[in-house]
Colleague: 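Handing you this structure, nothing more for now.
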There are 2 protein chains.
Amino acid sequence: MTLTTAEENYLKAIYHLSDGGTKSVSTNDVAAEMKTKPASVSDMLRKLGDKEVIEYRKYYGVNITEEGKKRALTTIRKHRLWEVFLVDKLQFAWDEVHEVAEELEHIQSPLLIQRLDSYLNFPKFDPHGDPIPDEYGDVRARPRLALNEMDIDQSGQIVAVKDSSAAFLKYLDKVGAYIGARIKILDKVEFDGSMEILVDQKKTLFMSKDVAANILAIQS
Amino acid sequence: MTLTTAEENYLKAIYHLSDGGTKSVSTNDVAAEMKTKPASVSDMLRKLGDKEVIEYRKYYGVNITEEGKKRALTTIRKHRLWEVFLVDKLQFAWDEVHEVAEELEHIQSPLLIQRLDSYLNFPKFDPHGDPIPDEYGDVRARPRLALNEMDIDQSGQIVAVKDSSAAFLKYLDKVGAYIGARIKILDKVEFDGSMEILVDQKKTLFMSKDVAANILAIQS
DNA sequence: AAATTAATTTAGATATAGCTAAAAATATAT
DNA sequence: ATATATTTTTAGCTATATCTAAATTAATTT
């Protein structure tokens with residue numbers, strides 16, 4: 001059973017909204033995520049239900065099935081591998097890759113993805129720090145915490161952002177923070193939660209608690 | 001004015017059938033090329049005419065416009081660059097790339113193509129030996145001749161095939177001929193036109209005139 | 001428990017891209 | 001010049017994916 005591009009996009013949205021299939025999702029939430037109307041969503045849910053990638057009970061929202069989860073993870077895997085390709089090989093900035101990857105993820109060729117994975121050296125994370133599911137849909141997430149949750153003198157590496165709006169990504173770029181940067185917490189101001197952070201052992205950065213809360217790191 | 005994937009495919013077919021825009025093309029020919037019905041083609045020609053990429057006079061076939069030529073060449077450029085990527089970087093065989101490139105060519109991102117071109121070192125020919133149009137649609141074809149048109153003792157390099165059916169490509173692979181192979185004509189049999197050819201200064205190949213006529217080379 | 005509000009579905013549109021069958025236009029043969 | 005054959009177009013239908021407006025169901029108040 002093949003899915004159209006539109007169906008794949010809906011399924012991916014449902015997978016994300018359901019936190020990886022752990023909770024059910026409402027028609028309205030899907031409509032908001034897909035930037036479309038609830039009426040269009042109802043139609044699509046019926047179709048996805050017929051194809052047995054979701055379980056659909058009218059008026060009571062949807063749950064993703066095991067088959068649906070597998071399909072969604074394949075699409076996510078393809079999206080993230082293409083993002084790695086664009087950044088590592090074609091010198092795209094990490095805030096420029098999303099739209100193109102959104103198109104590339106729908107190319108149908110298991111061989112292509114297998115070869116791409118190998119060509120990129122089997123990366124485990126995309127340029128935003130999100131984990132890349134393996135061929136079987138297994139994901140190894142690493143424990144991440146926001147910078148404002150780290151203590152003074154702790155060191156680590158930036159691996160992701162919570163807010164991936166273009167505005168925020170541009171700001172990070174400007175101040176010299178990036179995915180992969182090694183960081184150390186130099187100081188935390190009790191009063192407002194703002195922080196002083198050492199980046200790559202040379203640059204010192206001041207940031208508000210709001211900014212710090214949107215940057216995720218792994219400890220080292 | 002953007003074209004849909006289907007429109008891009010029709011335009012590409014019309015470009016090829018018209019020999020690069022030098023002659024007009026009939027509805028029936030387009031239908032045969034696109035493996036669809038003439039009725040469907042009529043509809044599409046009206047649409048492409050409205051978008052001014054072809055000039056369409058009912059019952060008298062179509063001519064591609066300058067704008068249409070530019071669009072078709074962009075699609076061809078993308079297709080061929082992706083083919084180079086698949087063969088050079090992802091170890092695809094040259095007879096496996098067509099279908100995937102047929103999908104990849106529709107990805108919309110001028111930046112992507114510019115970067116891909118640079119990443120591949122601005123290749124001038126695809127893995128089948130066909131020329132890759134530059135950003136402005138310029139194509140530099142090199143004079144090619146079929147092996148059966150070459151004389152004894154002439155040397156050259158295989159750059160393309162006329163018959164690119166899977167069967168023929170597989171046969172070439174099997175006997176050790178490939179795009180890029182250096183060749184030398186050792187002997188030609190008057191009686192049936194069959195030939196003896198030295199490949200890469202080591203392997204000797206016997207081939208019928210029919211096979212030789214389907215392999216194109218440049219002289220050196 | 002009835003009324004109101006919110007969420008969701010259905011009904012009836014539109015646009016794209018295809019199809020078949022019938023009609024119309026062009027080309028060819030007698 | 002007329003008849004026949006070929007080519008092409010039109011008309012009307014199907015499927016996907018969207019929409020708006022109306023109807024229905026579920027949830028919340030009073």
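Chain A is the first sequence line, chain B the second, and so forth, proteins listed ahead of strands; every chain is numbered from 1.
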Colleague: If only side-chain N and O atoms of A:Lys58 are considered, is one of them under 4.0 Å from the OP1 or OP2 phosphate oxygen of C:dA7?
Modeller: no
Colleague: Answer whether the closest heavy-atom distance between the side chains of B:Lys78 and B:Leu104 falls below 4.5 Å.
Modeller: no
Colleague: Measure across A:Ile14 and A:Val62 and return the closest heavy-atom pair with its distance rounded to 0.1 Å.
Modeller: CG2-CG2, 4.1 Å
Colleague: Below 3.5 Å between N/O atoms, which protein atoms pair up with nucleotides 11-13 of chain D? Just atom names and distances, please.
Modeller:
none

Colleague: Is the distance from OP1 or OP2 of D:dA17 to the nearest side-chain N or O of A:Lys47 less than 4.0 Å?
Modeller: yes
Colleague: Just by distance, with hydrogens left out, do B:His79 and B:Asp126 show a side-chain donor and acceptor under 3.5 Å apart?
Modeller: no
Colleague: Check whether any side-chain heavy atom of A:Asp138 sits under 4.5 Å from a side-chain heavy atom of A:Pro133, and report yes or no.
Modeller: no
Colleague: Within this structure, what is the NZ-to-C1' distance between B:Lys51 and C:dA17, rounded to whole angstrom?
Modeller: 12 Å
Colleague: Could you tell me the separation between the CE atom of B:Met44 and the P atom of C:dA15, rounded to a whole number of Å?
Modeller: 16 Å
Colleague: Which parts of residues 21-29 of chain A get close to DNA chain C, meaning a heavy atom less than 4.0 angstrom away?
Modeller: A:Ser26, A:Thr27, A:Asn28
Colleague: If we ignore angles and hydrogens, is there a donor and acceptor under 3.5 Å between the side chains of B:Ser26 and B:Asn28?
Modeller: no
Colleague: Can you tell me how far CD1 of A:Ile183 sits from CE of A:Met150, rounded to the nearest 0.5 angstrom?
Modeller: 4.0 Å
Colleague: Does a side-chain heavy-atom distance below 4.5 Å link A:Lys12 with A:Glu105?
Modeller: yes
Colleague: Are any side-chain N or O atoms of B:Lys69 and backbone N or O atoms of B:Gly21, one a donor and one an acceptor, separated by less than 3.5 Å?
Modeller: no
Colleague: Could you check how far CG of B:Leu48 sits from P of C:dA17, rounded to whole Å?
Modeller: 9 Å
Colleague: C:dA17 phosphate, OP1 or OP2: any side-chain N/O from B:Ser40 under 4.0 angstrom?
Modeller: no
Colleague: Salt bridge between A:Lys170 and A:Asp95, side-chain N to carboxylate O under 4.0 Å?
Modeller: yes
Colleague: From the set D:dT16, C:dG18, D:dT8, return the single nucleotide nearest to any side-chain atom of B:Tyr59.
Modeller: D:dT8
Colleague: B:Met34 has an atom CE; how far is it from atom P of C:dC19, in whole Å?
Modeller: 10 Å
Colleague: Kindly state which residues belonging to residues 2-11 of chain A come within less than 4.0 angstrom of DNA chain D, counting heavy atoms of the residue only, listed by number.
Modeller: A:Thr4, A:Ala6, A:Glu7, A:Tyr10
Colleague: Are A:Asp210 and A:Ser208 close enough that a side-chain donor and a side-chain acceptor fall under 3.5 Å?
Modeller: no
Colleague: Within the structure, does a side-chain N or O atom of A:Ser42 lie under 4.0 Å from either OP1 or OP2 of C:dT9?
Modeller: yes
Colleague: Can you figure out which of C:dT9, C:dT20, D:dT9 approaches the side chain of B:Tyr56 most closely?
Modeller: D:dT9
Colleague: Give the rounded distance in Å between these two atoms: NZ of B:Lys37 and P of D:dT7.
Modeller: 14 Å
Colleague: Would you say A:Glu33 and A:His16 are linked by a side-chain donor-acceptor pair, where the criterion is simply a distance under 3.5 Å?
Modeller: no
Colleague: Considering only side-chain heavy atoms of B:Tyr60, which listed nucleotide, D:dT9, D:dT16, C:dA27, is closest?
Modeller: C:dA27
Colleague: Going from CD on A:Glu55 to OG1 on A:Thr65, what distance comes out if it is rounded to the nearest 0.5 angstrom?
Modeller: 8.0 Å
Colleague: Within this structure, what is the NZ-to-P distance between A:Lys35 and D:dC19, rounded to whole angstrom?
Modeller: 13 Å
Colleague: Send over the distance from B:Asp50 CG to C:dA15 C1', rounded to a whole Å.
Modeller: 14 Å
